[in-house]
2 protein chains.
Amino acid sequence: MRLTAKSEYGLLAVIDLACSFGSGPVSAREIAERREIPPRFLEQLFVALRRGGVVSAVRGARGGFVLTRDPAQITVLEVVESLEGSLETSVCDSERSSGCARSGACAAAPVWAKATAALRDVFATTSIAELAGNQQIMDASAPGKR
Amino acid sequence: MRLTAKSEYGLLAVIDLACSFGSGPVSAREIAERREIPPRFLEQLFVALRRGGVVSAVRGARGGFVLTRDPAQITVLEVVESLEGSLETSVCDSERSSGCARSGACAAAPVWAKATAALRDVFATTSIAELAGNQQIMDASAPGKR
DNA sequence: GCAATTATTACCGAATCAGTAGGGATTACG
DNA sequence: CGTAATCCCTACTGATTCGGTAATAATTGC
C-alpha cells in the first residue's frame with residue numbers, strides 16, 4: 001500500500017475542478033498556481049486522471065480539464081486508483097511474488113485483506129462533492145484569490 | 001502510508017513466535033528457515049520489534065526471541081508500527097511538509113484522516129493470537145516441518 | 001574455550017518518488 | 001494566417017527508500 005504526493009496533489013486538483021464544475025474547462029496551470037502544485041508534475045497527474053476516466057481534456061487555447069461526471073458521482077477511490085494503481089495489488093504486494101510466495105497459505109493474509117477492504121470502503125464512500133464543500137468554505141474565509 | 005515487506009515478514013515471524021509461546025526462546029535463524037524469510041533481513045526486523053516492545057531477546061547460545069506478552073494481548077498494529085513507523089504520520093505525509101504545507105486548510109485532510117483511522121482500527125482489533133490460530137491449522141495440514 | 005546467538009553499523013543494487021525538460025499536436029482568437 | 005495558449009508524450013534526474021548482504025562485536029550455554 002502506498003499513498004504518495006500524487007494522491008495528495010491529484011485529489012486537490014480534482015476538488016478544484018469540482019468547485020468550477022459547469023463553468024467550462026480549467027487549465028492545469030491555473031490550478032497549479034491556485035493550489036500551489038508544481039505545474040509540470042500536475043500535468044502528468046492529469047494524464048493519469050484522464051486515463052482513469054475522472055477528467056476529460058479540452059485541447060488548444062482556452063482549453064483545460066473538466067470532470068467527466070457530476071462531483072457527487074465521483075469517488076476518492078477513483079482518483080486514488082487512477083493515480084496510484086489498484087489498492088488490492090498493493091497491500092503486502094499480494095501480486096508481486098505471485099501471492100507472497102505463500103499464496104493461499106499465508107496466516108497473515110486475512111488481516112491484509114481486511115486492511116485493503118477498509119481503505120477501499122473509506123475512499124469509495126467519500127465523494128468529490130463532499131470534499132469540494134470543504135474547499136469552498138475554506139476558500140470563502142481565506143485571503144481569497146478566487 | 002506504506003506497508004512493505006517488513007510488515008509481511010515481521011508479522012509472520014511474530015505469528016511463529018506465538019505458535020511457540022511458553023516454550024522458551026526461538027532463534028531468528030530457525031524462524032527464517034521455517035517461514036522462508038531472508039535470515040539477515042529478519043534479524044533487523046527483530047531489532048525493530050524489540051525496540052517496539054513486541055519481543056524481547058535472549059542473547060547467547062540457545063538464545064532467541066520471545067513475545068513480551070500473551071499473543072492475545074499483542075495487536076497487529078503494534079507489530080506494523082514497530083516496523084514501519086506510525087501510521088498517522090505516513091498517510092499523505094501530514095508530517096513531512098509541516099502539514100501538507102496547507103496545514104489545517106487542506107480540503108482533502110478529512111478523507112486521509114478517515115483512511116488512517118480505518119487502517120488503525122483493523123490492525124488494532126486483530127490480535128496475534130487470532131492469526132496464530134490460522135497458522136497452526138495450516139501447519140497441521142501441510143508437509144509439516146514442525 | 002568454543003559455538004551459537006543477538007547487536008550494531010555499514011554498505012549496495014534496484015526501484016520508486018518527486019519533479020524537470022524538451023518537444024510536439026491541437027485549437028481559440030485576433 | 002499567425003500566434004499564443006494549452007494539452008500530450010517521452011525521457012531524464014537527483015534523492016530516497018526498499019530489500020537484502022556483510023563484517024564485526026558482544027553475550028552466553030555447554
Side-chain angles (χ1 to χ4, degrees), chain A residues 1-13 17 24-33 35-52 54-66 68 80 83-85 89-93 95-97 100-101, chain B residues 1-13 17 24-33 35-52 54-66 68 80 83-85 89-93 95-97 100-101:
Chain A
M1 241 304 308
R2 273 187 167 66
L3 290 182
T4 69
K6 290 182 194 173
S7 291
E8 169 71 6
Y9 290 152
L11 189 52
L12 287 175
L17 282 182
V26 184
S27 75
R29 188 180 50 74
E30 191 181 337
I31 295 178
E33 279 173 17
R35 304 301 170 192
E36 302 179 62
I37 301 171
R40 306 302 296 273
F41 194 41
L42 181 58
E43 254 188 276
Q44 294 189 335
L45 302 182
F46 270 123
V47 171
L49 288 168
R50 180 174 52 81
R51 290 183 177 145
V54 173
V55 306
S56 55
V58 178
R59 302 183 63 163
R62 294 302 203 81
F65 296 93
V66 192
T68 55
V80 170
L83 294 167
E84 313 270 8
T89 66
S90 57
V91 171
C92 159
D93 253 349
E95 205 82 332
R96 194 179 47 191
S97 43
C100 301
Chain B
M1 242 304 307
R2 271 187 168 66
L3 290 182
T4 68
K6 290 182 194 173
S7 290
E8 169 72 7
Y9 290 152
L11 188 53
L12 287 175
L17 282 182
V26 184
S27 74
R29 188 180 49 74
E30 190 181 337
I31 295 178
E33 280 173 15
R35 305 301 171 192
E36 301 180 63
I37 300 171
R40 310 301 297 268
F41 194 42
L42 180 58
E43 258 186 272
Q44 294 188 334
L45 303 183
F46 270 122
V47 170
L49 288 169
R50 179 174 54 80
R51 291 186 176 144
V54 173
V55 306
S56 54
V58 180
R59 301 181 64 160
R62 293 302 201 83
F65 296 91
V66 192
T68 56
V80 170
L83 295 166
E84 313 269 9
T89 66
S90 57
V91 170
C92 161
D93 252 348
E95 206 80 334
R96 195 179 45 191
S97 42
C100 300

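Chain letters run A, B, ... following the sequence lines, proteins first, then strands; residues in each count from 1.
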Short heteroatom pairs, N/O only, protein and nucleotides 28-30 of chain C, under 3.5 Å:
| unit_1 | atom_1 | unit_2 | atom_2 | d |
| --- | --- | --- | --- | --- |
| C/dA28 | O4' | A/Ala61 | O | 3.3 |

Nearest whole Å is fine: how far is [N] [atom2] from [X] [atom1]?
| X | N | atom1 | atom2 | result |
| --- | --- | --- | --- | --- |
| B/Leu49 | C/dA7 | CG | C1' | 15 Å |
| B/Glu8 | D/dC18 | CD | C1' | 15 Å |
| B/Phe46 | C/dT5 | CZ | P | 13 Å |
| B/Ile31 | C/dT5 | CD1 | P | 12 Å |
| A/Leu42 | D/dC8 | CG | P | 12 Å |
| B/Leu17 | C/dT5 | CG | C1' | 15 Å |
| B/Leu45 | C/dT6 | CG | P | 13 Å |
| B/Glu30 | C/dT5 | CD | P | 8 Å |

So, OP1 or OP2 of [N]: does either fall under 4.0 Å of a side-chain N or O from [X]?
| X | N | result |
| --- | --- | --- |
| B/Arg29 | C/dT5 | yes |
| A/Thr4 | C/dA18 | yes |
| A/Arg50 | D/dC9 | yes |

Identify the heavy atoms of B/Gly63 and B/Pro25 that sit nearest to each other, and give their distance.
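Between these two residues, the closest heavy atoms are C-CB, 3.9 Å.
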What's the shortest heavy-atom distance between B/Ser7 and B/Val80, and which atoms?
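Shortest heavy-atom contact: OG-CG1, 3.9 Å.
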State the [atom1]-[atom2] distance between [X] and [Y], to the nearest 0.5 angstrom.
| X | Y | atom1 | atom2 | value |
| --- | --- | --- | --- | --- |
| B/Leu83 | B/Thr4 | CG | OG1 | 8.0 Å |
| A/Tyr9 | A/Ile37 | OH | CD1 | 7.5 Å |
| A/Arg40 | A/Arg29 | CZ | CZ | 13.0 Å |
| B/Glu30 | B/Phe65 | CD | CZ | 12.5 Å |
| A/Leu17 | A/Phe46 | CG | CZ | 4.5 Å |

Taking the side chain as everything from C-beta on, heavy atoms only, tell me whether A/Glu43 gets closer than 4.5 Å to A/Val47.
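When only atoms from C-beta onward are counted, A/Val47 and A/Glu43 do not touch, as no gap falls below 4.5 Å.
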What pairs of nitrogen or oxygen atoms, one from the protein and one from nucleotides 20-23 of chain D, lie under 3.5 Å apart?
| unit_1 | atom_1 | unit_2 | atom_2 | d |
| --- | --- | --- | --- | --- |
| D/dG20 | OP2 | B/Tyr9 | OH | 3.2 |
| D/dT21 | O4 | B/Gln44 | NE2 | 2.8 |
| D/dA22 | N7 | B/Arg40 | NH2 | 3.4 |
| D/dA23 | N7 | B/Arg40 | NH2 | 3.2 |
| D/dA23 | N6 | B/Arg40 | NH2 | 3.0 |

Could you tell me whether A/Phe65 contacts a base, only the sugar-phosphate backbone, or nothing, with contacts defined as non-hydrogen atoms closer than 4.0 Å?
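It contacts sugar-phosphate atoms only.
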So does B/Val54 get a backbone contact from the side chain of B/Thr68, meaning a donor-acceptor N/O pair under 3.5 Å?
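Yes: the side chain of B/Thr68 pairs with the backbone of B/Val54.
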